[in-house]
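Here's the structure we're looking at; comments come further down.
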Amino acid sequence: MPEGNGIHRWAARHEAAFAGKPVRMDGPQGRFTDSDVFDGRKLERVLAVGKHLGYDFGKDRILHVHLGLQGDFTEGSGPLPAVRGALRMRMWSAAKVKQPAVPGASKRHGWYSSDDGTGHLDPEQVAWVELRGPTDCSVYTNEKWQQLTERLGPDPLNQDDPERGFAKVRKSKKAIGQLLMEQDVFAGIGNIYRAELLFRARQSPFTAGKDVSDAVLRKMWKDAGPLMQAGMVDRRIVTTLAKDRPRRGGGVIAAEDAHYVYRRNGLPCRICGTKVMKMEGFAGRNLFWCPVCQAEENKA
DNA sequence: GAGGAATGAGAAA
DNA sequence: TTCTCCTTCCTCA
């Protein structure tokens with residue numbers, strides 16, 4: 001379900017948990033049949049570009065994961081839980097045992113264990129992740145991964161040079177609210193950040209790309225990096241400034257205070273009080289904006 | 001228990 | 001522009 005910030009977060013967490021060691025992997029319900037390619041091999045690093053994850057096992061083998069709209073990970077420590085729900089793939093840390101976990105098993109598959117009850121393992125060291133509902137979970141070569149990254153636009157979370165993306169916006173007749181959703185313009189931005197970045201720049205979603213001022217473009221780009229980096233609070237995206245949120249008790253940011261316009265249609269704009277608007281199917285998704293703060297005449 | 005919506009994107013028409 | 005993939009969670013009855 002996440003936008004780019006959530007993807008980079010998973011990459012960092014999974015790299016910290018698994019990289020540098022052999023990992024176990026399977027697709028216990030037959031939804032992922034290539035787990036053998038990776039099972040028992042050492043994970044070298046976890047790549048993140050836009051909304052794409054790449055678990056790099058070296059030797060020209062990368063596990064590509066794209067969560068899409070419905071995909072999500074669950075993670076935990078302790079013993080691997082029983083299979084439940086619709087599980088695509090799971091990955092867990094492997095502890096090396098002195099004897100094959102399964103007598104007669106091949107070295108690659110049999111000499112690592114996490115929950116086989118052999119007693120060779122400290123349960124506190126076990127970490128696991130489960131993946132369900134992804135758009136893609138498949139084997140990539142280095143070349144295929146490179147083709148993917150070349151197709152994507154600059155990613156605000158990867159310190160990329162934004163000029164390539166700016167150039168595409170400047171020559172496009174499409175609305176900026178549509179361009180922000182296109183991953184070959186900017187990678188990693190999704191429907192929440194589209195709405196919130198446009199609002200924070202007081203930019204109308206309907207202005208053609210070629211008519212958006214450079215100042216606003218740069219402002220949105222400069223905003224996007226830190227905003228996406230700080231983006232997750234309790235697995236939620238928060239984009240409101242503290243001064244624009246109502247004061248409530250405790251340090252927790254309430255879900256209804258997290259956004260300026262996203263899913264706030266019918267509610268008053270936090271800045272001007274005008275009712276926030278919603279339009280269905282704008283670049284295939286629901287668009288939210290304030291018709292006053294983001295009026296087309298506001299463009300610099 | 002049904003039905004819809006959700007932080008996505010590729011293919012089809 | 002419309003369909004289709006796919007899973008979970010929430011609302012409503």
Side-chain angles (χ1 to χ4, degrees), chain A residues 1-11 13 27-33 48-54 64-76 81 83-90 129-138 140 144 147-153 155-157 173-175 177-200 205 223-225 227-240 253 255-266 278-289:
Chain A
M1 283 168 54
E3 302 190 20
N5 62 317
I7 297 304
H8 284 254
R9 175 178 170 275
W10 287 128
R13 293 180 69 87
Q29 294 170 320
R31 291 175 161 89
F32 177 52
T33 53
V49 186
K51 299 170 185 170
H52 300 258
L53 283 163
H64 174 253
V65 172
H66 191 291
L67 293 178
L69 196 53
Q70 298 131 351
D72 205 1
F73 288 104
T74 39
E75 59 180 13
V83 173
R84 67 226 176 280
L87 190 54
R88 179 73 61 96
M89 180 277 289
R90 60 183 181 172
V129 295
E130 296 173 331
L131 171 65
R132 44 198 103 223
T135 293
D136 189 49
C137 173
S138 64
Y140 269 35
K144 197 168 176 189
Q147 286 170 355
L148 166 70
T149 60
E150 284 168 2
R151 175 167 65 78
L152 295 170
D155 181 339
L157 289 172
K173 292 181 189 170
K174 291 187 200 167
Q178 171 148 10
L179 292 167
L180 285 182
M181 295 290 278
E182 296 185 358
Q183 299 299 300
D184 57 347
V185 177
F186 300 113
I189 295 172
N191 202 25
I192 297 181
Y193 282 115
R194 154 171 84 165
E196 298 292 304
L197 285 169
L198 286 168
F199 180 88
R200 286 164 62 104
D223 197 22
L227 192 64
M228 293 173 76
Q229 196 124 49
M232 294 301 266
V233 180
D234 299 330
R235 302 195 71 197
R236 235 175 37 232
I237 291 173
V238 172
T239 58
T240 46
I253 300 167
E256 62 263 38
D257 299 338
H259 309 129
Y260 285 104
V261 289
Y262 177 74
R263 282 215 198 176
R264 295 195 74 244
N265 47 306
K278 167 181 169 179
M279 179 183 288
E280 292 183 10
F282 193 72
R285 315 294 293 287
N286 292 331
L287 173 71
F288 305 88
W289 81 104

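Computed from a predicted structure; not experimentally measured. Below, chains carry the letters A, B, ... as their sequence lines are ordered, and counting in each starts from 1.
- As the counterpart of B:dA6, C:dT7 is assigned, both hydrogen-bonding distances of the Watson-Crick or G-U wobble pattern falling under 3.5 Å.
- Looking at A:H259, its side chain does come within 3.5 Å of a backbone N or O of A:I237 through a donor-acceptor pair.
- Per the geometry, CG belonging to A:D72 stands 9 Å off P belonging to C:dC9, to the nearest Å.
- Atom P of C:dT8 sits at a distance of 23 Å from the matching atom of B:dG10, rounded to the whole Å.
- Between A:Y260 and A:F199, the ring planes lie parallel to each other; the angle is under 30°, not in the 30° to 60° tilted range.
- Rounded to the nearest Å, the gap between the P atom of B:dG1 and that of C:dC6 is 24 Å.
- Taking atom CZ on A:R236 and atom C1' on B:dA6, their separation rounds to 16 Å, with Å as the unit.
- Listed here is the closest heavy atom pair of A:P205 and A:A175: O-CB, 3.3 Å.
- Rounded to an integer number of Å, the gap from A:Q147 CD to B:dG10 P is 14 Å.
- For DNA chain B, the residues of residues 278-288 of chain A within the heavy-atom distance limit of 4.0 Å (strictly under) are A:R285, A:N286, sorted by number.
- The backbone N or O of A:V238 sits nowhere less than 3.5 Å from a side-chain atom of A:E196 that would complete a donor-acceptor pair.
- When both pairing distances are held under 3.5 Å, C:dA13 makes no Watson-Crick or G-U pair with any nucleotide shown.
- Between the side chain of A:Q183 and the main chain of A:G188, a donor-acceptor pair closer than 3.5 Å is present.
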N/O-N/O pairs, protein side and nucleotides 5-8 of chain C side, under 3.5 Å:
unit_1: C:dC6; atom_1: O2; unit_2: A:Q70; atom_2: OE1; d: 2.2
unit_1: C:dC6; atom_1: O2; unit_2: A:Q70; atom_2: NE2; d: 2.0
unit_1: C:dT7; atom_1: OP1; unit_2: A:R31; atom_2: NE; d: 2.8
unit_1: C:dT7; atom_1: OP1; unit_2: A:R31; atom_2: NH2; d: 3.3

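- A donor-acceptor pair under 3.5 Å is formed between the side chain of A:R200 and the backbone N or O of A:T239.
- Residue A:R263 places its side chain closer to B:dA5 than to any other of B:dG8, B:dA9, B:dA5.
- Residues A:E3 and A:R194 are not paired through a salt bridge, judged by the lack of any N-O separation under 4.0 Å between the basic side chain and the carboxylate.
- Atom-to-atom, CG of A:L148 to P of B:dG8 comes out at 16 Å; the value is rounded to the nearest Å.
- Contact check, A:H66 against B:dA9: a side-chain N or O comes under 4.0 Å of OP1 or OP2.
- At a threshold of 4.5 Å between non-hydrogen side-chain atoms, the residues A:T135 and A:K51 do not count as touching.
- Distance A:N191 CG to B:dA6 C1': 10 Å, rounded to the nearest Å.
- Residues A:A258 and A:R236 share a closest heavy-atom pair of CB-NE, 4.3 Å.
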